[in-house]
Amino acid sequence: MKWGPRMLDATAHFETIHERLPGGAEVLQARRSALARAEQTGLPTRRNEGWHYTDLARLLKQNDAVPVRANAFDANALAPLQMVFENGLLIDEPAGDDCVTIESLAHALASGARNHVGDASDNDMAAFNLALAQDGAVITIDGTPNQAVELLTRGDENAHLRHTIKVKRGTVTLIENLQANGYTNAVLDVEVDPGARALLVRIQSAGHHVGLTRVSLNGDGAFCAVTFVTGGNLARHETHIRLLGEGARADVHGAILGHGTMHADMTSQLNHEIAKTDSLTTLHAVLDDAAQGVFQGKVVVARDAQHVDAQQQSRAMMLSERAHMSAKPELEIYADDVACAHGAALGELDADALFFLRSRGIDEAAARHMLISGFLAAPLAHIENEDLRACVAAHVSAHVPGCENDGEGVNAELADA
Amino acid sequence: MSEAKTGIDRETVDQVANFGGENYKYGFTTDIDADKAPNGLNADIIRFISAKKGEPEWLLEWRLDAFERWQTMQEPDWAHVDYPKIDYQDLCYYAAPKSMEDGPKSLDEVDPELLRTYEKLGIPLQEQEVLAGVRKVAVDAVFDSVSVGTTFREELAKAGVIFCSFSEAVKNHPDLVRKYLGSVVPQSDNYFAALNSAVFSDGSFVYIPPGVRCPMELSTYFRINEANTGQFERTLVIADRGSYVSYLEGCTAPMRDENQLHAAVVELVALEDAEIKYSTVQNWYPGDADGRGGIYNFVTKRGDCREARARISWTQVETGSAVTWKYPSCILRGDETVGEFYSIAISNNLQQVDSGTKMLHLGRNTSSKIISKGISAGRSSNAYRGQVSVHPKAANARNFTQCDSLLIGDKCAAHTVPYIEAKNISAVLEHEATTSKISGDQMFYCRQRGLDPEEAVALIVNGFCRDVLQNLPMEFAVEAQKLVGISLEGSVG
Amino acid sequence: MALLEIENLHAGVDDKAILNGFDLTIQAGEVHAIMGPNGSGKSTLSYLLAGRDGYEAQNGNVRFDGADLLDMEPEARAIAGMFLAFQYPLEIPGVTNMTFLRTALNAVRRGRGEDEMDPASFLRMVREKSRAMGVDDDMLKRPLNVGFSGGEKKRNEVLQMAVLEPRLAILDETDSGLDIDALQTVADGVNAMRSDARGMLVITHYQRLLDFIKPDFVHVMVHGRIVRSGGPELAEELERSGYGAYLGAETGGQGNEVGAAHA
């Protein structure tokens, strides 16, 4: 079933699928109360400050898929531990290894290992998710695994996925590979213990995706997310991070390669709840055709959370008359000894740089491609694993407008980053 | 950080915390007979105000229309401010000194008590008192709901400049008022603008004819005196083609334990090649150290660069009021128009500020610049909220925004909420924001050179504000600089 | 056939006339220096020759190797062998120096009908040339000019010249912002490029650079045209007496020397 306006009726949807939803009576009760709450508030509208630039109801009705510029992202070369979710259901459960314990949410709920109760949230979309989530990944990391863990989403149906990742020790690299053509509502909860690190690389190349990532960083844990939106009609990636221990470090980076009528919204809120925590939030948007880019970043520094370093940077490169960009980098500061700053810049390709390249013999199309790729090197550089970075660089490069002119050179460039 | 530095910081912070409303030197009241409307707001009160002012029928209709719309509107709650609900039926919407009952007279006939009040405030209403060597400034003095006098009218009239109270303008220049009133801030623009449109009592009116460079600075001095009275003035400045005017605005109020509402509307219209500089030093009573009393300053200020190459520049120094909610804005409608906003907002004790600007780029080749300096001390909260919006047809729009916050002490808060929206490829928008504190090193350096902590803080804060201070007319800059020091008195560290 | 032939060139930026009947001919193998005070139009000349947007000739001809230069796109000029060492080299974030050099060289080689250079030979060639310019591996890996010092940027410009091997190199105020050691390195790099097949145009305000790069001809440029030409001795003379006489001549018409210059 394709996403259509009638699917906005979550109650009807719930009634048709609730018998197939995993979990016992207690879970079902939690689902019903979440649904009641979700239905009461409905889909968030633009009057909701957090959705000011994204008209969800309108975008969800938009059914014509944005033309595909290049292939979906393929991380198989890295041989990750892969979990494939098709139409909202895990199709096979991989074995973990010494450091990784993997279970499906459906399994965990059915066996009573998780009860879903008390998982409420004040986030409207998360309430829909709680009510309707059929499956997801439940992963515990205890030590640094050899392989990355990939969550691959595909299919044409609506999907509500709920992933829970707990990193007790070591560093885990997660790949969220979002290829589903339908509507996906995903919630990803990450908890990172002191000394551990979660590195997330997310690529959305299709569909209507509304995702919420909630992260708790205990002690000096670290979280780094790098999200690339290369296709799809709607991308809403919302990240909430709580920095709860001294030395915690959060990175939230995004890149949008907007074309067609894509609408990509990167929203984040970083709560520095304690002293000596650092964060860096960036967005690099390249907007072609009638694409729309949104950056909403909020940094909150709590009372007495001194010596916090929190930086936000949003940069957009406009390639078309019809492209739109909106940015709202917000600071809310309650401590006085902090280094907080944000910057936002927006403009066309730099004409001087273009001339400089052309004066060295590079034709205009290749020069443009080179500048755009250079612009996107910054988010790529935040991918720690070199092989993964090269893999993402190849995917990104194929989506840079004008790549047919000089793909190879720029591939190399991106991989160098 | 070393012990010594921490010590200095602590001391500074404590000093700031000790500072209370008693430093507010304009807190006296004037004992003067007033003619007041009964408390409450309804159509009859509006008719009463309109009748008091002898207004034409169209203006009464306009007010009643605004009132009707206001009743359907909700008080905004999105700002970063928190105050008890205002009972709009428990306010007085009109108060005027009895002696002014028959309308403005020549300055010679103004009640001497009123003149003494303005003298105490440092505002000369006697033209001969203008000192040699100082540039002439024409003053319109607004006391509670009415204008008590305007200076240098004859000299201005020779240049063709109209500078008078709003009430007089309605009588003597009804066509101009009717043409421009509400053309920048419509009646239903927002809750407080609608309220003002219904009940505004007086204010200033300025018209600069084509090609005229106004021969002196114009200024309005607002004073709230009566207790439990709202002030709702309305200012309209029109700069016709190729003209120039610099306009200053100052405000004070007595110290009172209850809060008072000030909901003003300022509309600026700049036609082709005209330029308006509008400067405000807002020093309404901020309330005492425990947050008792003070003015609620809910103001709508907007300028319309209506035709090509018009320029509007807002400069504000905001040190007073318990709660401030104001966003002086520019509509850059004409091609090649320029909008500027320079702001210093200081909050201390329990003051709350939510202020900023909007730059709406509609015409081609428009540019705007925003420099905002927010200083928070005590337990205050200080928010910058600004919007830069480039519409699809606004080719080659440029904006630069610099938005800095300085925190003094660890009980205050600073927020920055910019909205940056571009719908045109050729827009180049830059936004920078920083948050900082006065460092122990800076304080130590100043003190080692002989400055006491207060002087040092004033010096550092003035340095922090320099980009904005230098945009004020000279007369105001000096006053503003002192005000920066006074507002943070006892707080340096 | 002359390498570069500029005839009666007139040009302006934003309605302001900057070049007023500029003439200059450079043969292969020659090094010419143009000296002039600030605002004389030196940088406009270099941008116009390289084809920067907004710099249009209103009148006159420029022939490069026999072809009409003004009709060519900037990259076509580079392929034809025109190289401008920028006074203020651009910083390009995200594009490493090495990638930039390889992309530019291969573009130029393709344009000249040559094969692209294989990666191994390219690496060898760049390493060799960068060593000579004191450009280390780290500088090659960093994004183009980002965070480079003034001296590093200028060395990098000369390295690009060495890699692209142009027919005509224009050095626009290449000495500005360089200390004496950096100047020596840059000049050595430029001198190593001197050959019978290559022309050079050195644009400078000061004579200092010409102590290191000895020109065959020196021209004085004032108000958009050459007011006097001579040999290297002219540079020394200017160092002693300054541009005052020429400036006065343009505005007030004083001094015999200027009359001679026109002759």
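Because only heavy atoms are used, hydrogens play no part in the values below, and waters and symmetry mates are left out as well, while side chains stay in. Throughout, a chain's letter reflects where its sequence line sits, starting with A, and its residues are numbered from 1.
Only the backbone of A:A323 has a heavy atom closer than 4.5 Å to any heavy atom of chain B. Residue contact with chain B, scored on non-hydrogen atoms closer than 4.5 Å, is absent for A:F295. Heavy-atom distances place the side chain of A:E49, and not its backbone, under 4.5 Å from chain B. Contact annotation for A:Q311: neither backbone nor side-chain heavy atoms come within less than 4.5 Å of a heavy atom of chain B. Residue contact with chain B, scored on non-hydrogen atoms closer than 4.5 Å, is absent for A:L287.
The shortest side-chain heavy-atom distance between B:I408 and A:D336 does not fall under the 4.5 Å cut-off.
Summarising the geometry, atom OH belonging to A:Y334 is positioned 6.5 Å from atom OG belonging to B:S381; distances are rounded to the nearest 0.5 Å. Note that OG of B:S376 is 10.0 Å distant from CD1 of A:I333, once rounded to the nearest 0.5 Å.
Using a 4.5 Å cut-off between non-hydrogen atoms, the part of residues 413-435 of chain B that approaches chain A consists of B:A413, B:A414, B:H415, B:T416, B:V417, B:P418, B:Y419, B:I420, B:E421, B:A422, B:K423, B:N424, B:I425, B:S426, B:A427, B:V428, B:L429, B:E430, B:H431, B:E432, B:A433, B:T434, B:T435.
Counting heavy atoms of neighbouring residues, nucleotides and ligands inside a 6.0 Å radius, atom CZ of B:R466 does not exceed 12 of them. The 12-atom threshold is exceeded at CZ of B:R385, counting heavy atoms of other residues, nucleotides or ligands nearer than 6.0 Å.
Remark: A:K298 engages A:E332 in a side chain to side chain donor-acceptor pair (under 3.5 Å) (not counting sequence neighbours).
For the options A:A341, A:S326, A:A344, heavy-atom pairs under 4.5 Å to chain B are most numerous at A:A344. Among A:C340, A:G347, A:A327, A:A339, the residue with the largest count of heavy-atom pairs under 4.5 Å with chain B is A:A327.
Between B:D410 and A:R303, the shortest heavy-atom distance links the atoms O-CD, 3.1 Å.
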